[in-house]
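The structure under discussion appears below in the form of structure tokens.
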2 protein chains.
Amino acid sequence: MDEMDAAMALVDKWRSQSRKGFLDLCALSLLASRDESYGLDMMEALAQAGLEVSEGTLYPLLARMTREGSLSPSWTTPETGHPRKYYRLSPTGQLVLAAMREEFDRNVAALRRIEGGTR
Amino acid sequence: MDEMDAAMALVDKWRSQSRKGFLDLCALSLLASRDESYGLDMMEALAQAGLEVSEGTLYPLLARMTREGSLSPSWTTPETGHPRKYYRLSPTGQLVLAAMREEFDRNVAALRRIEGGTR
DNA sequence: TCCAAATATCTTGCTATGCAATGCATAATA
DNA sequence: TATTATGCATTGCATAGCAAGATATTTGGA
């Protein structure tokens, strides 16, 4: 049907918008649970959890959060393999993550209230 | 402390980003549960649920969704009071809402998996 | 009657993120 | 010594949130 196509196109456009900021929360959460990780490893872990993130999305995100002071990167050259840039949460990053979680949960709770009994 | 201020500033910047798309879902959900509503009324309902949305945010959002075909607006001039533009979900809007809900829930589930046991 | 406040909607300009596409460098392998 | 795999980075575009301000109509008081 035609109606369905129109709706899908709108949702496609919406998708990338709705991930703004959300991916920050996911990246910080992942690093909080893993202690440290590097780009491609994070991509794989996120995909494993059901969240596909491309390199063109993740790397700028990591660069920005580093610039802002939430992440502390460090290069490591393993005995075998390619050099990797490992990221950890900085103290600021931990505060930021805690605040984001609070607000995200508040927003989800608000949405559930808005949905009311219609669901 | 200084660390706290830096974190708060970052979260402030993040806040408006993280609401992109999310507000679409909230507005559509609200209309689904109310059948119809107008701008200021929606602002009040959202605030009631714990979500503060300004006019400069909501009106462009409603205009866009109307342009895209998700909302059907209709002017009504009550016997007493100011003319109001009432919005309803169109058939496309109902499909869009259903798809957004699915994807939002999938993303929340993914986040919970990412957070793992660290919470 | 005329002015101020309330109700209601709309517009402009700025900033910032997601993402496809592309490029670059190094290491392992054949 | 090519070729493939691993790993990171950059550019350019489209788009939404929001502060600030504009516009229009209705109501109530001096």
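Source: prediction; values computed, not measured. Residue numbering restarts at 1 for every chain, and letters A, B, ... go by the order of the sequence lines.
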Whole angstroms only, please: what is the CG-P distance between B:L40 and D:dT26?
16 Å
Residues in residues 49-58 of chain A with a heavy atom under 4.0 Å of DNA chain C, by number, are A:S54, A:G56, A:T57
Nearest 0.5 Å please: distance from the OH atom of B:Y87 over to the OG1 atom of B:T66.
4.5 Å
Could you give the CG-to-P distance, from B:D12 to C:dT15, as a whole number of Å?
17 Å
What's A:L23 touching, base or sugar-phosphate or nothing? Going by heavy atoms closer than 4.0 Å.
sugar-phosphate
Output yes when A:D41 and A:R84 qualify as a salt bridge under the 4.0 Å nitrogen-oxygen rule, no when they do not.
no
Find the distance between OG (B:S33) and CD1 (A:I114) and round it off to the nearest 0.5 Å.
8.5 Å
Grab the OH-C1' distance between A:Y38 and D:dA9 for me, whole Å please.
17 Å
Start at the 5' end of DNA chain D and walk down; is the nucleotide closest to B:F22 or to A:A63 reached first?
A:A63
Please examine the side chains of A:V96 and B:W14, heavy atoms only from C-beta on, and report whether any two atoms are closer than 4.5 Å.
no
Expressed as a whole number of angstroms, how long is the span from A:D24:CG to C:dC19:P?
12 Å
A:W14 near the nucleic acid: base, sugar-phosphate alone, or nothing, with a heavy-atom cut-off under 4.0 Å?
nothing
Closest to the 5' end of DNA chain C, once A:R15 and A:E79 are matched to their nearest nucleotides, is A:R15
Are B:S29 and B:R101 side-chain neighbours, meaning at least one heavy-atom pair lies under 4.5 Å?
yes
Does the pair A:D105/B:R112 count as a salt bridge with the N-to-O cut at 4.0 Å?
yes
Atom NZ of A:K85 to atom P of D:dT6: distance rounded to whole Å?
21 Å
Between A:Q17 and A:H82, whichever has its closest DNA chain C nucleotide further toward 5' is A:Q17
Heavy atoms only, 4.0 Å cut-off, all strands: where does B:P83 land among base, sugar-phosphate and nothing?
sugar-phosphate
Nearest-Å distance for atom pair CG/C1', residues B:L28 and D:dA16
15 Å
In whole angstroms, how far is the C1' atom of D:dT15 from the CG atom of A:L10?
14 Å
Under 4.0 angstrom between B:Y59 side-chain N/O and C:dC10 OP1 or OP2:
no
Measuring from atom CE of A:M42 to atom CG of A:L61, what distance do you get when rounded to the nearest 0.5 angstrom?
7.5 Å
Answer yes or no: does a side-chain N or O of B:K13 lie under 4.0 Å from OP1 or OP2 of D:dG17?
no
Report the distance from atom OH of B:Y87 to atom P of C:dA8, rounded to the nearest whole Å.
14 Å
Does a nitrogen or oxygen in the side chain of A:R19 sit under 4.0 Å from OP1 or OP2 of C:dC19?
yes
Answer yes or no: is there a side-chain heavy-atom contact under 4.5 Å between A:L62 and A:K85?
no
D:dT25 OP1/OP2 closer than 4.0 Å to side-chain N/O of B:R84:
no
Minimum-distance nucleotide to A:R64 side chain [options: C:dG18, C:dC10, D:dG17]
C:dG18
